[in-house]
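Here is the structure we will look at.
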Amino acid sequence: YQRRVHGDFLDDPAMSDAEINTSLDETNKLRAQLGLPLLSNQSQSDVERSKRQQKQKEAEKEQSKQEDAELRADLDKRKQKRLHEQSLAGPSLGDELKAKTSGSALSWVERSRQLHIEKNIDLDKRLKENKKEPQADYTSQDLSGLRVLHDVGQLDEGSSVI
């Protein structure tokens with residue numbers, strides 16, 4: 001029967017802690033002479049306790065991350081709701097239409113015809129402004145200083161050159 005303590009096997013399971021510490025000190029001296037890392041003298045319960053504490057810290061971190069994500073999601077949801085409510089604030093289209101008109105179909109038809117006439121008048125004005133006089137043909141003065149970089153001999157008959 002062998003019991004393993006900090007990487008070493010012990011033949012006698014009835015060894016006391018003092019004997020284990022003494023053998024640990026002797027082992028560490030030998031390991032130091034050989035250039036190996038020293039063994040710690042923590043008891044098994046200390047190692048387990050530190051592992052539990054580490055796991056608990058990791059669980060707390062994960063839980064706080066989840067809570068942060070939930071808070072962010074809630075804040076985003078509230079922001080979207082607030083923006084939506086702001087976009088709906090003010091008079092509706094129906095309210096604006098009632099304010100502009102007396103509400104009768106005849107007044108709406110008259111207003112539509114008037115808008116159509118105004119748009120046509122604006123369009124006619126823009127078309128008249130955009131009409132330009134046709135430009136005259138090029139003259140020799142327009143072409144002065146222009147250089148041609150190819151020869152007539154370089155052009156093949158029946159081919160296109162850009």
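All residue numbers in this chain count up from 1 along the given sequence.
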Student check: side-chain heavy atoms of Arg52 and Gln56 closer than 4.5 Å: no
Using only atom types and a distance under 3.5 Å, with no angle test, would you say the side chain of Arg31 pairs donor to acceptor with the backbone of Leu36? no
Which pair of heavy atoms, one from Leu38 and one from Asn28, lies closest together, and at what distance?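 Closest approach of Leu38 to Asn28: CD2-O, 3.2 Å.
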Looking at [atom1] of [X] and [atom2] of [Y], how far apart are the two atoms once the value is rounded to the nearest 0.5 Å?
X: Ile117; Y: Asp122; atom1: CD1; atom2: CG; result: 12.5 Å
X: Leu34; Y: Thr27; atom1: CG; atom2: OG1; result: 11.0 Å
X: Asn120; Y: Glu118; atom1: CG; atom2: CD; result: 10.5 Å

Between Asp68 and Arg72, does at least one N-O distance fall below 4.0 Å, as a salt bridge requires?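 Looking at Arg72 together with Asp68, the answer is no, because their closest N to O distance does not fall below 4.0 Å.
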Would you check, one step at a time, whether the test salt bridge (Lys or Arg N to Asp or Glu O under 4.0 Å) holds for Asp124 with Lys128? CA-CA 6 Å; Asp124 288 340; Lys128 286 179 183 177; over 6 Å; no
Can you tell me which residue among Gln80, His84, Arg78, Gln86 is in a side chain to side chain contact (heavy atoms under 4.5 Å, CB included) with Arg82?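 Result: among Gln80, His84, Arg78, Gln86, Gln86 is the only option passing the side chain to side chain contact (heavy atoms under 4.5 Å, CB included) with Arg82.
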In this structure, are over 12 heavy atoms from other groups packed under 6.0 Å from Glu60 atom CD?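 Yes, CD of Glu60 has more than 12 neighbouring heavy atoms, counting only those of other groups under 6.0 Å.
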